[in-house]
Amino acid sequence: MSKYQIIAPALSSMPWQERPDEPSNSPLWRWNENPIIGRNPIKGVARIFNSAVMPYEGKYIGVFRGEQCDGVSFIYLGHSDDGIHWTFEPNKLQFVDEKGESFQPIYAYDPRLVKVEDTYYIIWCQDFWGAAIGMAKTQDFKTFTRVENPFLPFNRNAVLFPRKIHGNYVMLSRPSDSGHTPFGDIFISESPDLHFWGNHRHVMSRSSEWWESLKIGGGAAPIETSEGWLIFYHGVCNTCNGYVYSVGGAILDIDEPSRVKYRCANWLLTPEKWYEERGFVPNVVFPCATLQDPQTGRIAVYYGCADSYVGLAFGYVDEIIDYIKENSRTSYDDTCIGRR
Ligand code: BMA
């Protein structure tokens, strides 16, 4: 029995490997056959990375960022029996509008996939006269209906919560600029209907810890636990050789998620392996999804590696939460309700 409970449906299976016997500074460890998706995975697609997966009908399904050979990213659907070995549909996802007519984004990247009640939502970044959030829903992974873009440009890294809070849908996002944004905090917004968004609050700032001192952004969908919403997010610092992206961990209040209860001063994952340090954009680990099993307390984190591959890391909820709590450093910006 875990010390902390994950509140989510039980999984009959999930990818898993126990911690290898090697020095580590983190409660997470990597799958020893990373990366799970290599180069040129689909005809016309050079790289898949920053992607999200979910259990579906006893197997796994995922939405994948596929960077085409012309450099434009779109979302591709993938299927897997074990969550590790993936086959991809050859064509990018086709979206329709509420009337059923074709409604394609110009580009689409960094998809997240979240189930709320009986519907699956894909949330991504796309062009809306500048980088902004796109969103679609599906119940069968055959028809993908776009809903109105939730926020004005410029915004990225939107992550929907897996259940409503106080009757509203809740989403994290990171207001940004149109380029390689050299700033950025995580905010939260609510909606009664996924159409109108408001009650905007500040959640957490880039911090004085150097690894996340430039900007931060939402990563995987929050995991509901007995201690609060466990989030894996990305934190970025600027070096003389460019940005470095690491994975951070925090726990948000279960009823008022704009309040940060604990925030780990240390990264949980930082580029250390060849597939994280070397690629189209070196030194990037970028979490977009988790699988979690309440019975065993196991968590699998899916993350993009160097804008070139997908990697998988594992941890136990007890060790992750204890590590975040033991190394927690919060500021007033984090713990306040986030209203000014
Ligand atoms: C961010 C996003 C991510 C990407 C990262 C590193 O701005 O575009 O998709 O992984 O930069 O290049």
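Counting starts at 1 for both ligands and their atoms, in listed order. Residue numbers start at 1 and run along the sequence shown. What's counted below: heavy atoms across the whole structure, side chains too, no hydrogens, waters or symmetry copies.
Cation-pi geometry between R47 and Y309 is not satisfied (NZ or CZ under 6.0 Å from the ring centre, within 45° of the ring normal). Within the cation-pi definition used here (under 6.0 Å to the ring centroid, within 45° of the axis), K164 qualifies as a partner of Y169. In this structure, R146 forms a cation-pi arrangement with F103, its terminal cationic atom sitting closer than 6.0 Å to the ring centre and no more than 45° off the ring axis.
Checked against R65 for a side-chain contact (heavy atoms from CB on, under 4.5 Å), the options N50, I75, V310, I48 give a single hit: N50.
If you look at H180 next to ligand 1, there are no close heavy atoms at all, none under 4.0 Å.
Side-chain atoms of T145 never come within 3.5 Å of backbone atoms of D97 as a donor-acceptor pair (strictly under, hydrogens ignored).
Every atom of ligand 1 with a heavy atom of D307 under 4.0 Å away is listed here by number and element: 4 (C), 6 (C), 10 (O), 12 (O). For ligand 1, the atoms closer than 4.0 angstrom to any heavy atom of D110 are 2 (C), 3 (C), 9 (O). Listed by atom number, the atoms of ligand 1 under 4.0 Å from V281 heavy atoms are 12 (O).
Looking at ligand 1, you won't find any N or O of R156 less than 3.5 Å from one of its N or O atoms.
Nearest protein heavy-atom contact of atom 1 (C) of ligand 1 is Y245 OH, 3.3 Å. Residue, atom and distance of the protein heavy atom nearest to atom 8 (O) of ligand 1 are Y109 CE1, 3.8 Å.
For the residue pair Q126 / W124, a side-chain donor-acceptor distance below 3.5 Å is found, with atom types taken as modelled.
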